[in-house]
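Hydrogens, waters and symmetry mates play no part in the numbers below; they use all other heavy atoms, side chains included.
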Amino acid sequence: MDEQLKTKIEAFKKNGLSVYTVTISGIQYIYRGINRREFKTLQGQMTKAAESIRLEHSKDEAKMNSELALLKEKSEEKLMLIGIISPELTELDIDVLPAGVIGRLADLITIGSGFTEVSDEPQQL
C-alpha cells in the first residue's frame, strides 16, 4: 500500500470513520463508512428525485415503479462513490465494473456506517 493511500485512510480514521477492505472478483476494494452529513445529503437528493419521478409518472404506475427501481440503483452507485477509497472510481468507471460489485459495496458501506439488519438487543446485567 503506497504512502498516499495510507495517509488518506488515516485521515478518514482520524475523523471517526471506519475503514474496511474486501476482495471481490479478485480486486481489492478499500472503503469507509459514511458520516451523518453525507447520509442526509444523499437521502435528500434521492427523496427529491423520487418525488420528481412520482409527479412525472403519476398516471402510469408501471413506469413510475420502473423509474423508482432505477433510482435505487443510482442511490447505490452514489453511495459507493462516496465510500470507496481504493481503487479511485468515478461515475464513468461504474459501467465497466462487474455487475454485482456496486450493490455489494453499497451494502458493505451501509453496514460500515452503522446500519445493520441485526438488532442490538439490550443485555441484562
Side-chain angles (χ1 to χ4, degrees):
M1 185 180 307
D2 68 18
E3 288 303 314
Q4 185 178 12
L5 181 55
K6 285 181 185 177
T7 301
K8 202 175 190 181
I9 289 170
E10 288 308 313
F12 286 120
K13 287 180 170 182
K14 187 176 180 180
N15 286 319
L17 296 170
S18 300
V19 177
Y20 306 90
T21 184
V22 65
T23 301
I24 303 173
S25 299
I27 298 171
Q28 182 187 34
Y29 296 91
I30 300 173
Y31 64 96
R32 64 176 177 87
I34 63 170
N35 63 36
R36 185 70 180 164
R37 182 178 306 145
E38 291 168 324
F39 172 74
K40 287 173 70 173
T41 300
L42 181 59
Q43 284 298 99
Q45 292 170 352
M46 294 302 107
T47 299
K48 190 180 222 180
E51 287 172 10
S52 176
I53 289 169
R54 285 186 183 99
L55 286 173
E56 184 178 342
H57 301 291
S58 62
K59 296 181 186 205
D60 186 348
E61 189 173 340
K63 180 69 173 169
M64 178 175 60
N65 290 337
S66 174
E67 291 295 318
L68 289 172
L70 290 174
L71 182 61
K72 181 186 180 301
E73 289 180 21
K74 278 275 192 223
S75 176
E76 289 179 341
E77 291 171 358
K78 287 182 178 289
L79 177 63
M80 188 272 305
L81 288 173
I82 293 168
I84 193 76
I85 298 172
S86 176
E88 289 187 19
L89 299 172
T90 67
E91 288 189 35
L92 297 175
D93 300 316
I94 289 173
D95 290 338
V96 298
L97 290 174
V101 169
I102 292 170
R104 180 74 177 128
L105 285 172
D107 288 345
L108 291 170
I109 291 166
T110 301
I111 292 167
S113 302
F115 297 97
T116 59
E117 292 180 16
V118 179
S119 65
D120 294 324
E121 295 185 24
Q123 298 293 316
Q124 184 175 5
L125 298 178

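- Classified by interplanar angle (parallel below 30°, tilted 30° to 60°, perpendicular above 60°), the ring pair F115/F39 is tilted.
- Side-chain contact check for N65 versus E61: some heavy-atom pair is nearer than 4.5 Å.
- To the nearest 0.5 Å, atom CG of residue N35 and atom CG of residue N15 are 8.5 Å apart.
- Among all heavy-atom pairs drawn from M80 and I102, the shortest one is CE-CG1, 4.0 Å.
- Linking Ile, Leu, Val, Met, Phe, Trp and Tyr residues whenever their side-chain heavy atoms come within less than 4.5 Å leaves I85 and L89 in two separate clusters.
- Counting all heavy atoms, side chain and backbone alike, A49 lies closest to L71 at CB-CD1, 3.7 Å.
- Here CG of L97 is found 5.0 Å from OH of Y29. Values are rounded to the nearest 0.5 Å.
- Residues I34 and Y20 fall within the same hydrophobic cluster, defined by Ile, Leu, Val, Met, Phe, Trp and Tyr side chains chained together at heavy-atom separations under 4.5 Å.
- In terms of heavy atoms, M1 sits closest to I30 at CE-CD1, 4.1 Å.
- Using a 3.5 Å distance cut-off with no hydrogens or angles, the side chains of D107 and T110 do not pair a donor with an acceptor.
- Under the 4.5 Å side-chain heavy-atom criterion for grouping Ile, Leu, Val, Met, Phe, Trp and Tyr, I24 is connected to I94 within one hydrophobic cluster.
- Looking at every heavy atom in both residues, D93 comes nearest to E88 through OD2-O, 4.0 Å.
- Salt-bridge formation is not detected for the pair K6/E10: no Lys NZ or Arg NE/NH1/NH2 atom is positioned less than 4.0 Å from an Asp or Glu carboxylate oxygen.
- Across all their heavy atoms, M46 and S75 have their closest contact at SD-CB, 3.6 Å.
- Note on L81 and L42: same hydrophobic cluster, where clusters join Ile, Leu, Val, Met, Phe, Trp and Tyr whose side-chain heavy atoms are under 4.5 Å apart, directly or indirectly.
- In this structure, CG in D2 is found 8.5 Å from OG1 in T7, a value given to the nearest 0.5 Å.
- Criterion: ILVMFWY side-chain heavy atoms under 4.5 Å apart, direct or through other members. Under it, Y31 and V101 are part of a common hydrophobic cluster.
- A distance of 10.5 Å separates CD in E76 from CG in L105, rounded to the nearest 0.5 Å.
- Note that the CD atom of Q45 and the CD atom of Q43 stand 10.0 Å from one another [nearest 0.5 Å].
- Here the shortest heavy-atom pairing between G83 and I109 reads CA-CD1, 3.8 Å.
- Side-chain contact between R32 and I82 is present, with at least one heavy-atom pair separated by less than 4.5 Å.
- Taking 4.5 Å as the limit, every side-chain heavy atom of M64 sits out of range of all side-chain heavy atoms of E67.
- To the nearest 0.5 Å, the span separating CG on L68 from CZ on R54 amounts to 5.0 Å.
- When atom types are taken as modelled, the side chain of T41 and the backbone of R37 share a donor-acceptor pair closer than 3.5 angstrom.
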